[in-house]
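Take a look at the structure set out below.
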Amino acid sequence: MRFGSFVEFSMPDGGNPAHAYAQAFDHVDMAEDLGLDVICLAEFHFTPNRVISSPITVGAAIAGRTKRITIGTSVLVLPLSNPLRVAEEAATLDHVSDGRFEFGVGRSGFQTAYQGYGIPYSESRDRFREALDVITMAWTNDRFSYSGEYYSYEDVCVIPKPVQSPHPPIRIAATTNDTFPVNGKMGYPLLIGLRTVPLEGVTEQVASYKKAYKEAGHQAPMDVSLRIPVYVAEDREAAMTEPEESFMRQFRRLQRRLEAEGAQAVGSPSEQRTERAAGIASMDWEDVQREKVAVGTPEMVVEQLSKLREALHLTEVVAEFNAGELIPPEHIERSLRLFCEKVIPELR
């Protein structure tokens, strides 16, 4: 298994962006020193308490200060950008990092960024499909042409090509039932989460991905990455109580966001968002601990992640060490250190 840290470059209300970057880079440096496998970078737009709207740029900065750790996007929201420009910039990051780049992509389950960019969210699925086709063609052809509903190019040559051949690993995020078998048929590695869907539901989703993956005849082993809030402490009571306010803040904020977007959407997207918001609203901290997070002593976290690995066929765990943004820096550092030194060795 591989292990990573999901970094959102969060900033408290009234905070200083420079301080947010400094704290995040310190976390990256520590992850590199402790032997973590991958740093995963979010993409946020029009969100006051996140300062990472350009993960490719941030990834290049991380490449310059590290030697070993993989730099992944988790995820680039493809429908918001010109795919040729994404292909160029991502290939450049692959060069700058000497082939340490992983291309994590998705279309986002939220409409805020689409509204800001003036792109109808109803177009997101088809824009995503076209953009991914354009990017892979740009990376694997000297010159190419493409004619789609949203993107069209005539005899273009994208330079540079990536270092990795035929291109960096592509990982696709999935949250809705119908996307799992589609991704399985394509054969791309998968990124999943447990925030909005019960574990039983995600287990069924991954099973549909696995079925489609096998039916498509893919020979490579399946690759499934889970993003999950993690908090580790030596003392059991501290581990169970210290992250509660911060982690629950994340879930309540997600609930409100789903409610707001459910009220704006129409048809099945509205119903799905409303249903998921209601599911989160019904959860207390004990419910969240059971299947949404991995918290406890090192031994407890090893047991929790082992069960999730078995149920979801995991090959990678990407930890959110500061979900909710209220964990003190010294506790984040302690949790990261214990995770790397006492949890990871038991799960390799």
Side-chain angles (χ1 to χ4, degrees), residues 6 8 40-47 50 52-59 72-93 101-140 144-153 156 158 162 167-186 188-193 195-196 225 227 254 257-258 260-262 264-270 272-273 276:
F6 179 76
E8 295 184 312
C40 292
L41 303 174
E43 177 180 349
F44 287 98
H45 301 279
F46 318 114
T47 307
R50 300 288 193 281
I52 183 165
S53 58
S54 181
I56 294 291
T57 302
V58 174
T73 50
S74 186
V75 295
L76 282 179
V77 186
L78 290 190
L80 300 182
S81 302
N82 185 307
L84 278 192
R85 185 61 179 259
V86 173
E88 292 171 332
E89 293 186 350
T92 300
L93 176 52
F101 176 56
E102 183 172 282
F103 191 58
V105 294
R107 59 188 182 93
S108 177
F110 298 106
Q111 302 178 50
T112 303
Y114 287 85
Q115 292 168 346
Y117 278 100
I119 298 173
Y121 188 74
S122 60
E123 298 175 359
S124 65
R125 190 183 300 272
D126 291 336
R127 283 182 176 270
F128 175 84
R129 176 184 53 80
E130 286 192 19
L132 187 58
D133 286 346
V134 169
I135 291 166
T136 54
M137 290 176 69
W139 284 344
T140 55
F144 77 101
S145 299
Y146 183 88
S147 179
E149 182 177 357
Y150 300 103
Y151 309 107
S152 294
Y153 307 99
V156 290
V158 168
H167 50 66
I170 297 173
R171 187 180 297 278
I172 300 180
T175 59
T176 58
N177 292 344
D178 57 332
T179 58
F180 281 81
V182 171
N183 288 351
K185 184 177 181 180
M186 291 190 295
Y188 288 117
L190 188 65
L191 173 63
I192 62 174
R195 296 189 303 167
T196 62
S225 176
R227 168 187 163 188
L254 178 60
R257 193 171 181 184
L258 287 168
E261 298 211 346
Q264 296 174 12
V266 294
S268 58
S270 172
Q272 184 180 84
R273 288 184 175 90
R276 290 183 174 185

- request: Could you tell me which residues satisfy ring pair (Phe, Tyr, Trp, His ring centres under 6.0 Å) with F46, sequence neighbours excluded, listed by chain and number?
  value: Y117

message: Applying salt bridge (Lys or Arg N to Asp or Glu O under 4.0 Å), can you list everything that pairs with R107, at least two apart in sequence or on another chain?
response: none

- request: Show the numbers, then the answer: is there a side chain to side chain contact (heavy atoms under 4.5 Å, CB included) between I135 and H167?
  value: CA-CA 10 Å; I135 291 166; H167 50 66; over 6 Å; no

- request: Apply side chain to side chain donor-acceptor pair (under 3.5 Å) to T73 and list each qualifying residue two or more places apart in sequence or on a separate chain.
  value: none

- prompt: salt bridge (Lys or Arg N to Asp or Glu O under 4.0 Å) with D178: which residues, sequence neighbours excluded?
  reply: R125

message: Going by the rule side chain to side chain donor-acceptor pair (under 3.5 Å), which residues pair with T179 if we only count those two or more places apart in sequence or in a different chain?
response: T176

query: Looking only at atom types and distance, does a side-chain atom of T47 sit under 3.5 Å from a main-chain N or O of H45, one as donor and one as acceptor?
result: yes

Name each donor-acceptor pair under 3.5 Å that joins a side chain in residues 86-93 to protein atoms two or more places apart or in another chain, with its distance.
{"residue": "E89", "atom": "OE2", "partner": "R85", "partner atom": "NE", "Å": "2.8"}
{"residue": "E89", "atom": "OE2", "partner": "R85", "partner atom": "NH2", "Å": "3.4"}
{"residue": "T92", "atom": "OG1", "partner": "E88", "partner atom": "O", "Å": "2.8"}

message: Checking T196 now: which residues fulfil side chain to side chain contact (heavy atoms under 4.5 Å, CB included) with it, not counting sequence neighbours?
response: L254, L258, R276, I280

- prompt: Rounded to the nearest 0.5 Å, how far does CZ of F44 lie from CD1 of I52?
  reply: 8.5 Å

task: Mind checking the CG-OG spacing from L80 to S53? Nearest 0.5 Å is all I need.
output: 11.5 Å

- prompt: Taking the side chain from T136 and the backbone from D133, do they hold a donor-acceptor pair closer than 3.5 Å?
  reply: yes

Approximate separation, where rounding is to 0.5 Å, of Y188 OH and N183 CG: 10.0 Å

- request: Report the residues that fulfil side chain to side chain donor-acceptor pair (under 3.5 Å) with R171, sequence neighbours left out, ordered by chain and then residue number.
  value: E102, D223

task: Could you tell me the separation between the CZ atom of R227 and the OG atom of S74, rounded to the nearest 0.5 Å?
output: 6.5 Å

- prompt: Which of these, S108, S54, P55, sits in a side chain to side chain contact (heavy atoms under 4.5 Å, CB included) with E43?
  reply: P55

message: Distance check, rounded to the nearest 0.5 Å: R127 atom CZ versus I119 atom CD1?
response: 5.0 Å

- request: Answer yes or no: is there a donor N or O on one side and an acceptor on the other, between the side chain of E130 and the main chain of Y151, under 3.5 Å?
  value: yes

- prompt: Nearest heavy-atom pair of S152 and S147: which atoms, and what distance?
  reply: OG-CA, 3.7 Å

message: Side chains of F180 and I192, heavy atoms from C-beta outward: is any pair under 4.5 Å?
response: yes

- prompt: Partners of N82 by side chain to side chain donor-acceptor pair (under 3.5 Å), sequence neighbours excluded?
  reply: Y153

task: Go through the structure and list residues passing side chain to side chain contact (heavy atoms under 4.5 Å, CB included) with S145, not counting sequence neighbours.
output: E154, D155

field: Gap between atom OH of Y150 and atom CD of E123 - 0.5 Å precision
entry: 4.0 Å

Pairing residues for F103 by the ring pair (Phe, Tyr, Trp, His ring centres under 6.0 Å) criterion, not counting sequence neighbours: W139

- request: Mind checking salt bridge (Lys or Arg N to Asp or Glu O under 4.0 Å) for R129 and listing every partner two or more places apart, or none if nothing turns up?
  value: none

